[in-house]
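So that the names make sense, note that chain A is the first sequence line, chain B the second, and so on, each numbered from 1.
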Amino acid sequence: VRPHRTRATGLVDLLVGTALAAVSLAALAAAVASGGRLLLAAGARGEAEDTVQLGVEALTFDARRAGYDPTASGVVPVAEARQDRVTFSADLDGTGTVDAGSEEVTTHLCSVATGRLSRIIGRQSMPLAEGVTACGFNYLDGAGLPIAVPASGLDAAARARVRAVALDLELQPPGLRGRTSRTIVVALRRSP
Amino acid sequence: MRRGSTALPAALAALAVSATLGAAVAELARIEVVLARDRRAATAALLATDACLAEAIAGIAPGWDLAALLAGPDGRSGTPDDGSLALPAGCIGGASAAPGPAAPPRILLRLEASAGGGRRRLEAVIGRATAPGPPALLWLAAPPAWSAVAGTVTLDGADVDDPTAATWAGLAAPDDAAGLDDWLAGEGTHIRLGAGTGPALTSAPPPVAALAARVRAAAPAGSEVLVPGTPSTALALVAGDLGVTGSLRGAGLLFVDGILDIHGALDFTGVVIVSGGVRVAAGGSLTVSGALWVDAPGPEVVVDGSVVLRQSQGGIEAADRLLPLPRRAALLGLRDLG
């Protein structure tokens, strides 16, 4: 009768098992860490995309209604036009006057220095986007050609030629290398 | 020693964390997809509303005010159809009077359109364009007939006085613009387009009958304003056909309530309106610096001779001063309502 041999766990087995376990755990930890980073990056990217979209939609909303003037009182659609800010006017309640303290006058202000795009209504400044790395407004005439904007902004005659407003917006999401950007051109809904 | 006492819990914990992370990433992706879908739906609805508005404005006949639109299809105010107008499919809305003074003429147009699962509403202020007529040299009440030009028609959309002025289309008519351009191209060498001539425009017919009534009410002169020498700017009405055999010139606004039949030469600066059609015989020539508006029961323009049409803002403005000309409807402003 052949004697039954019981195999004991030796030191080598333990070392190999420990090493395999360590490798497995390290791989798991790396996978979990990658998943965590992916989640954070996806969250940051999604937030950045939502933010620039919000900025674009806010400008579109205000630019489309610029110059709304049901009483034909002579509302000027673009009250201020600079590279870093644009102010729209509209007589939304049809009273024949434009109330500067209400939503009838809205300003969009870009500040790369503070990294912020804001929408200003009366004395209220609402940040639309933070982490702005590039931002600027451009103005197009009836032929779609850009109007040169001096440092002091467009004068009244030049503003009267404005038929569309363009916004270039770029954000740097925190923790990400790639930037998020949008360019939108919104035509004023007002015939010359 | 208890084997596996730490490995299994560690693996399960890692699995749980991974699953949680995966679920979070999936949820994030789902939210972004929903947001993107909502944005796409909102954009599609916005575009549909804008398209509806554009079609509604294009469907408003050129004229002087918008009272007919407020009165509705029955043409009477104070009836249930007041403010109702024909709109494209997928779009509803109606017109109402704008607040404030009656002049300049304008109305409020409320529209609602659905597309791509989204719905948008807007309110627009519609008025009349500042410039008379469509920006076209030849404005017809019906699509032109093929092979109507055996002679030559030259269309030059560049302004004779101001080369920097916006160029005009050669032709406007109630037809698809591409079809009009096909007609222009199909006439081959019989139609010559100047370098500054824009593509054809789709436009409602010229309101020739209303123009005739206004011209008659304005105490017009007759065909005597057409002279061989330097003409005076005048408002002229020719009741019936006008035959031109010699060489005549004119300026201002000429309304021919019949056929303009040219065997000689007519050179006119301003607006020529013809209710019975234009015939230019072989050897005849018609030159208009301004615009030619034609409505006719049969072929509107038959050219065996030569026709030259070129833009002249000065000529149009002079005619408009003599008699206010019809304007196209124009968007004066809008606001999104949601």
Side-chain angles (χ1 to χ4, degrees), chain A residues 9 13-14 17-18 20-22 24-47 49-50 53-54 56-57 60-62 64-73 75 77 90-96 103-104 142-143 187-192, chain B residues 1 3-4 6-7 10-11 13-29 31-33 35-36 39 42-43 46 50 53 57 96-108 122-131 166 328-337:
Chain A
T9 302
D13 296 327
L14 280 173
T18 304
L20 285 173
S24 299
L25 281 174
L28 274 173
V32 169
S34 292
R37 282 194 299 274
L38 174 65
L39 180 62
L40 290 175
R45 178 66 65 196
E47 187 178 346
E49 295 290 338
D50 294 344
Q53 188 66 28
L54 179 67
V56 162
E57 286 179 359
T60 303
F61 183 74
D62 289 333
R64 281 170 59 86
R65 69 185 185 182
Y68 182 79
D69 186 13
T71 64
S73 58
V75 174
D91 177 17
L92 299 176
D93 55 7
T95 57
E103 207 170 327
E104 292 186 332
L188 302 183
R189 262 56 175 186
R190 184 179 169 127
S191 297
Chain B
M1 192 183 87
R3 288 188 294 178
T6 55
L15 195 62
V17 172
S18 298
T20 305
L21 284 172
V25 170
E27 176 64 9
L28 202 60
I31 291 171
E32 290 300 323
V33 167
L35 283 173
R39 283 186 198 125
T43 304
L46 187 68
D50 279 357
L53 176 61
I57 293 173
S96 60
R106 66 205 180 283
I107 57 167
L108 295 181
L122 63 78
E123 184 178 74
V125 183
I126 310 296
R128 290 291 178 187
T130 52
R328 295 191 300 169
L331 175 65
L332 302 184
L334 68 78
R335 60 175 178 149
D336 293 301
L337 299 176

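When heavy atoms are compared at a cutoff of 4.5 Å, B/Leu334 approaches chain A by way of both its backbone and its side chain. Heavy atoms of A/Ala42 lying under 4.5 Å from chain B belong to its backbone as well as its side chain. Interface remark: A/Leu188 contributes no atoms to any contact with chain B (heavy atom separation under 4.5 Å).
To the nearest 0.5 angstrom, A/Gln53 atom CD is 4.5 Å from B/Arg39 atom CZ. Distance CG/B/Asp336 to CZ/A/Phe61: 6.0 Å, rounded to 0.5 Å. To the nearest 0.5 Å, atoms CG (B/Leu46) and CD (A/Glu57) are separated by 9.5 Å.
A side chain to side chain contact (heavy atoms under 4.5 Å, CB included) with A/Arg189 is found for one member of B/Leu331, B/Val125, B/Leu53, B/Leu332 and no other, namely B/Leu331.
The greatest number of non-hydrogen atom pairs below 4.5 Å with chain B, out of A/Pro70, A/Gly142, A/Gly35, is found for A/Pro70. Of the residues considered (A/Ala72, A/Ser73, A/Ala90), A/Ala72 shows the highest number of contacts with chain B, using heavy-atom pairs under 4.5 Å. Of the residues considered (B/Ala124, B/Ala24, B/Ala103), B/Ala24 shows the highest number of contacts with chain A, using heavy-atom pairs under 4.5 Å. Your options are B/Gly333, B/Ala330, B/Pro99, B/Ala98, and the one with the most heavy-atom pairs under 4.5 Å with chain A is B/Pro99. Contact count against chain A (heavy-atom pairs under 4.5 Å) is highest for B/Asp50 among B/Leu15, B/Asp50, B/Thr20, B/Thr43.
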Using the rule given for side-chain contact (heavy atoms from CB on, under 4.5 Å), can you reason through B/Leu35 versus A/Glu49, listing the C-alpha separation, both sets of side-chain angles and the distance that settles it, and then say yes or no?
CA-CA 10 Å; B/Leu35 283 173; A/Glu49 295 290 338; over 6 Å; no
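Using a 4.0 Å cut-off between charged side-chain N and carboxylate O, A/Asp93 and B/Arg335 make no salt bridge.
Considering all non-hydrogen atoms of both residues, A/Val32 and B/Leu21 come closest at O-CD1, 3.2 Å. Of all heavy-atom pairs between A/Arg64 and B/Leu122, the closest is NH2-CD2, 3.9 Å.
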